[in-house]
Each structure stands twice: as C-alpha cells, then as structure tokens.
Amino acid sequence: MEWLYWVEHAVMSLLLAALVRLAMTEGWQGVLRAVLVVLRYIPGVGEVINWVIRRMAVQFAPQLTGAQQDGSKKDRKPPRVVLPKKGQSYDAIVQEMKKLQKEKDTDPHAGKMFAYVYTLEDDASKVQKEAVDMFMEQTGLGDDHDRFVREIYQSFIHTNVLNPFVFPALRRFEIETVSMVASFLHGDDQVVGSLTSGGTESILMAVKSYRDRARKLFPQITQPEMVAPITIHPAFEKAASYFCVKMVHVPVGPDFRADVKAMEQAITGNTILLCASAPQYCHGIVDPIPDVSALALRRKLPLHVDACFGGFMLPWVEKLGYPVPTFDFRNPGVTSISADIHKYGYGVKGASVILYKSTDFWRYQLFSYSGWPGGIFGSCSMAGSRPGGNIAAAWAVLKAMGEDGYMKTAQEVMETTEFMINNIRNIPGLCILGEPHMTAFAIGSRGVNILALADEMESKGWRMERTQNPNGIHCSIMPSHTKVREKFIEDLTAAAEYVKIHNKSSEEGASMAYGLAGQVPDKALVDDFIKEIYMEFYTKC
Ligand SMILES: *Cc1c(COP(=O)(O)O)cnc(C)c1O
C-alpha cells in the first residue's frame with residue numbers, strides 16, 4: 001500500500017511542522033493542548049490521529065519486544081502457535097521454560113528490580129523450597145501431572161505480569177497460550193486476547209470492552225443494554241452492575257436453550273451486545289450459537305460466546321463424534337469467546353482466556369494512564385499486579401496435555417457422563433433436564449422432591465449442587481468421578497426411593513434456603529439476604 005505510506009508520512013510531517021512552529025512561540029505544553037482540542041473538532045481527524053497513533057505503536061513495539069510485526073491485516077492466517085497434536089514430555093517443557101526464563105526474564109531474586117516482585121533473601125527461600133520438597137515427599141501429594149504443575153507454578157511464584165516488558169518469557173507464554181486456544185476454537189492469526197484470573201474476569205473484560213466500543217462508535221447510546229438467555233452465568237450480571245450496562249434476560253425454551261426469537265425481540269436501539277453460552281453451566285446445554293450468530297450479523301451486533309465451561313471440552317467431544325452445535329469462531333457472528341483453563345483445561349486455579357476476533361474489539365479492553373508521577377501506566381485487564389505462576393502453568397499444561405491428552409481425558413469423562421445419565425434416566429421419579437451436550441447435566445424431578453433428595457445424598461457424604469427454576473441437582477463430571485460412578489448411582493437410587501416412600505420435604509441447610517427463596521416473590525429481598533449472609537460469614541469465625 002504505497003499511498004497509505006505517503007499519506008501517513010504527509011500527516012505526520014504536517015503535524016510535526018505545525019507543532020514545531022507553535023512551540024517556538026508558545027512552548028510545548030500549551031501548544032499540544034491547543035492543537036489537540038482544535039483537531040478534535042474537525043470531522044474525521046480523530047480517526048486519522050488514532051490511525052497515526054496505531055501505526056506509531058506498531059513501529060515502536062518491536063523495539064521493546066524484539067518481535068517482528070508488520071501490522072497488516074490483509075490475509076488471515078491460522079494462529080501462529082497451535083496446541084501440539086501430541087502432549088509433550090514434562091522434561092522437555094521444563095527445559096524449554098527454564099531456558100526462556102533464563103534468557104529473557106530477570107531473576108526475581110537477583111536484586112536487579114525495583115518494582116513488581118517482593119522476595120525474601122535467597123537463603124530464606126532455599127529453606128522454603130526444601131520444606132516444600134520434603135512436604136511433597138512425605139505426603140506423596142499429587143500424581144505426576146500435579147507435581148509437574150506444582151513445579152512450574154513454584155518457579156514463577158514471584159513473577160509479576162503487571163508490566164509485559166519486565167518478564168518477556170511470561171508475555172510469550174501468555175501470547176502463545178492465547179494462540180493455542182484460538183487454534184482449537186477455530187480462530188485465525190488475527191485472534192487476540194488475554195489470560196485472566198478466571199471466567200468471571202474474562203467476562204467482565206468482554207462486557208467492559210463492548211461498552212467502551214459502543215461509547216466510541218455509538219455515542220448516542222447513553223444507556224447500553226446486553227441481551228442474554230436467563231441461563232447465562234451470573235458473571236454477566238456482575239459485569240452489568242460493575243460497568244452500568246443493563247442486562248436484558250430472555251427466557252429459554254423447554255429444551256433449556258436460548259430462545260433466539262425472544263432474543264431478537266429484546267433488541268432495542270440501546271443494545272450493544274448479544275451473549276450466549278457453550279454450554280450454560282446449569283444444565284450443560286449449548287445455546288443455538290449458529291442462530292444467535294446469524295441474528296448478530298443481521299442486527300450488526302457483536303456476540304460473546306461464554307465457553308468458560310466448554311471451551312476446553314466441546315472441541316474434543318465434537319472430535320469424538322458426539323453431536324455438538326458449532327459454537328466457536330466458525331460462526332462469523334462470534335466476536336469473542338471466554339474459555340477457562342482452570343476448569344477442563346486442567347490448569348491451576350486463576351487461569352482463563354478471553355479471545356477476540358481481532359484487535360478491533362480487544363483494543364477497548366486496554367487501559368492506559370500517562371499522567372501518574374510514578375510512571376506511564378498501561379494494563380490489559382482488571383488486575384494490577386498479575387501472578388505469573390498460573391500463566392506459566394497454563395502454558396505448560398496445554399503443552400503437556402496436547403490434543404491427544406485432552407481427547408483421551410474427554411473420552412473417559414464422556415463415557416462416565418453417559419453411564420450416569422443413562423442410569424439416572426432409569427431411576428423412578430428422576431429425569432435429566434434437557435439434552436446435555438458434554439460432561440455436565442442436571443437431575444430433575446418426575447415426582448421426587450429434588451431438594452430433599454439433595455439433603456439425603458449429602459447425609460451419605462456427597463456434596464450436591466442445587467439448581468432452581470425448575471429445581472434440580474447439577475453435576476459436572478470430572479476424571480475423579482470414574483472410580484465412584486457405580487457407587488453414586490447406587491446411592492442416588494436408594495436416596496430417591498427413600499425420599500419418595502417417606503414423602504420427605506426439604507428441611508434444612510441449603511435446601512431450606514432454596515425452598516424459601518423459591519417462595520419469596522420479591523427477589524430483591526432474597527438478594528439482600530444473600531449479602532447479609534456473606535457479611536455474617538466474613539465477620540465471624
Ligand atoms: C465457571 C463459569 C463461569 C465463571 O468462571 P469463574 O472461573 O468461576 O469466574 C462463567 N461461565 C460459565 C458457563 C461457567 O461455567
């Protein structure tokens with residue numbers, strides 16, 4: 001693009017010439033302010049300024065990172081780093097990481113940094129390390145995978161990803177993790193994003209980005225709204241309340257999937273975002289994403305797919321041959337996806353990915369502030385100081401699992417899920433709510449009091465997750481359930497019979513709370529109540 005180059009240089013030269021002239025008479029400060037104020041009133045100039053700023057950033061970034069970037073957006077290629085087909089050996093991964101860390105990052109113990117890390121003197125940390133090793137040896141805690149993750153995590157416990165230029169190895173782990181996830185969610189090399197502390201932060205970031213995008217592109221919208229099925233995760237409600245976006249819930253159909261017609265009817269001139277789940281947590285059911293995607297394209301709205309739960313499971317379930325609705329970037333209307341590494345990615349807690357189709361969306365996630373006496377400040381996500389341990393562990397776990405590792409685990413967990421679902425469907429008085437798509441389901445009632453059933457199961461030592469509207473028991477199936485699946489069905493069968501025969505109702509604890517909550521018509525009261533309970537929990541031992 002020869003002419004773009006010249007336009008850019010002409011604009012830059014003009015700007016510079018004007019600034020220099022004025023500076024000679026007025027001084028830099030006043031001039032800059034005046035010029036920027038004037039420029040903003042000229043239509044279209046704001047865009048040019050932004051464009052120039054972007055070009056400058058594109059040119060400047062390699063100086064800081066050593067990476068080669070051309071900033072062009074022409075042909076979309078596959079992501080640069082993909083999930084390895086075959087999981088790699090723990091040894092090779094540790095070698096590669098240690099090498100990168102040694103080459104690129106400053107040793108947090110070396111006393112060379114004056115921010116970001118707070119470590120004890122080396123002697124003290126050696127003592128700690130020995131203590132941890134001894135503890136591991138004595139307790140025999142964790143299998144190989146666990147030990148591997150622990151070791152990686154441990155060697156990064158003092159790193160801080162607050163400033164991406166201080167720990168280049170970690171920045172690389174983050175970029176490559178995003179790229180690997182993009183690769184199996186069918187994104188291309190334009191897909192960009194961040195690692196966050198969890199699904200909630202990923203969702204908060206997405207909603208904030210779309211709000212800021214709307215502020216920029218549609219300034220006439222003063223009260224932004226987003227449309228989502230009622231089964232969407234509460235993190236969206238949290239985002240709505242944090243970022244002043246109105247949440248417009250629509251009901252789901254009898255199949256517990258988003259009612260796309262209802263979503264369309266809920267769109268107003270204030271709508272800035274559509275949301276759907278793959279799958280929703282409640283019943284493990286994927287919304288009809290292709291239809292929502294078509295709706296998003298038709299109404300020119302962005303669409304966030306919450307694959308926090310399924311992002312690391314559905315791709316493998318689909319490859320195993322189970323029917324899975326197309327939920328990822330293969331849908332042209334999908335503009336962002338959240339996927340949790342700390343769920344079926346088998347990473348350590350505190351790791352999730354938020355992916356955007358391109359920087360056109362991700363740019364609105366970024367925060368910068370140049371006026372602080374402490375330095376020029378920039379940040380990608382909610383956190384200031386960001387722990388590097390879970391980012392390093394996330395990268396390492398993806399590499400170690402590989403596609404084959406995820407496929408193998410998915411197959412096992414799917415088999416256990418099918419075993420449970422088939423058996424539960426045969427228990428008199430119980431059913432499965434809807435047709436779950438992956439390794440989670442909710443048990444519903446065909447006559448048995450579900451809340452009493454949950455109580456009864458808890459008296460047998462199981463820990464139950466209650467769901468509501470309609471009442472149910474949620475089960476996410478993990479690899480650890482394979483060895484107890486027969487026992488679970490046995491106990492559930494006995495408990496269902498017991499509750500039915502004794503006509504039990506829910507009397508105590510969580511079930512009583514759910515029972516009461518269901519009967520209080522004013523939900524604001526219930527909400528106040530929940531907050532009170534929290535205040536209670538956190539002020540008393
Ligand atoms: C777990 C989950 C979230 C939230 O993730 P956290 O890591 O708990 O913050 C969001 N959406 C769905 C569907 C989930 O299952």
Side-chain angles (χ1 to χ4, degrees), residues 177 181 185 193-210 226-243 245 247 249 252 256-258 273-289 292 303-315 317 324-325 327-328 334 336-355 365 381-383 386-387 389-391 393-394 397 410 413 417 433-434 436-442 463 465-468 472-478 534:
T177 304
V181 179
L185 296 181
S194 318
L195 259 71
T196 66
S197 61
T200 298
E201 189 183 355
S202 291
I203 289 162
L204 289 176
M205 291 296 57
V207 172
K208 181 216 111 75
S209 301
Y210 290 115
M226 56 181 166
V227 177
I230 187 71
T231 45
I232 202 93
H233 193 276
F236 286 86
E237 200 70 45
K238 200 181 210 177
S241 104
Y242 282 10
F243 300 128
V245 177
M247 170 57 96
H249 279 136
V252 289
F256 299 97
R257 290 161 21 115
L273 174 65
L274 302 180
C275 319
S277 314
Q280 34 96 326
Y281 165 87
C282 325
H283 316 100
I285 293 171
V286 180
D287 286 325
I289 310 283
V292 186
L303 166 59
H304 179 84
V305 171
D306 178 14
C308 280
F309 199 24
F312 279 80
M313 181 53 82
L314 289 173
V317 174
V324 173
F327 71 96
D328 55 20
V334 173
S336 57
I337 301 181
S338 46
D340 287 356
I341 302 170
H342 66 195
K343 287 182 184 152
Y344 288 115
Y346 307 110
V348 296
K349 276 286 172 282
S352 167
V353 191
I354 170 73
L355 298 175
Q365 182 177 312
S381 51
M382 298 282 285
R386 291 167 69 203
N390 31 16
I391 292 180
V397 165
V413 183
T417 307
L433 297 175
H437 287 107
M438 55 168 236
T439 52
F441 54 84
R463 174 94 175 72
E465 299 302 324
R466 294 155 181 82
T467 59
Q468 54 178 351
I473 295 173
H474 166 96
C475 300
S476 290
I477 304 306
M478 334 272 185
Y534 270 78

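Atoms within a ligand are numbered from 1 in the order they appear, just like the ligands themselves. Computed from a prediction, not measured in an experiment: that's the story for all the values here.
Checking only distances, Tyr281 never comes within under 3.5 Å of ligand 1, N or O to N or O. Taking distance alone, with nitrogen or oxygen atoms compared against 3.5 Å, Gln280 stays at or beyond that limit from ligand 1.
Shown in contact with Pro279 at under 4.0 Å from a heavy atom are these atoms of ligand 1, numbered in order with element: 13 (C). For ligand 1, the atoms closer than 4.0 angstrom to any heavy atom of Thr200 are 4 (C), 5 (O), 6 (P), 9 (O). Atom numbering of ligand 1 starts at 1 in the shown order; those under 4.0 Å from a heavy atom of Lys343 are 1 (C), 2 (C), 3 (C), 4 (C), 5 (O), 14 (C), 15 (O). Residue-ligand proximity, Ile203 to ligand 1, at heavy-atom distances under 4.0 Å covers atoms 10 (C).
For the residue pair Ser381 and Thr196, no side-chain donor N or O sits within less than 3.5 Å of a side-chain acceptor on the partner. With hydrogens and angles left out, the side-chain atoms of His283 and Thr231 include no donor and acceptor closer than 3.5 Å.
Neither the backbone nor the side chain of Ala235 has a heavy atom within less than 4.0 Å of ligand 1. Counting heavy atoms under 4.0 Å from ligand 1, residue His342 touches it through the side chain alone.
Aromatic pair Tyr281/His474: centroids less than 6.0 angstrom apart.
From Leu314, atom CG reaches atom CZ of Phe327 across 4.5 Å, with rounding to the nearest 0.5 Å. Distance check, rounded to the nearest 0.5 Å: CZ of Arg257 to NE2 of His437 gives 6.0 Å. Leu273 CG to Met247 CE: the interatomic distance, rounded to the nearest 0.5 Å, is 8.5 Å.
Among all non-hydrogen protein atoms, the one lying nearest atom 13 (C) of ligand 1 is Asp306 OD2, 3.4 Å.
When the heavy-atom distances from atom 5 (O) of ligand 1 to Ala307, Ser352, Gly199 are ranked, the shortest goes to Gly199.
You'll find the side chain of Val305 reaches within 4.5 Å of the side chain of Ile289, heavy atoms only.
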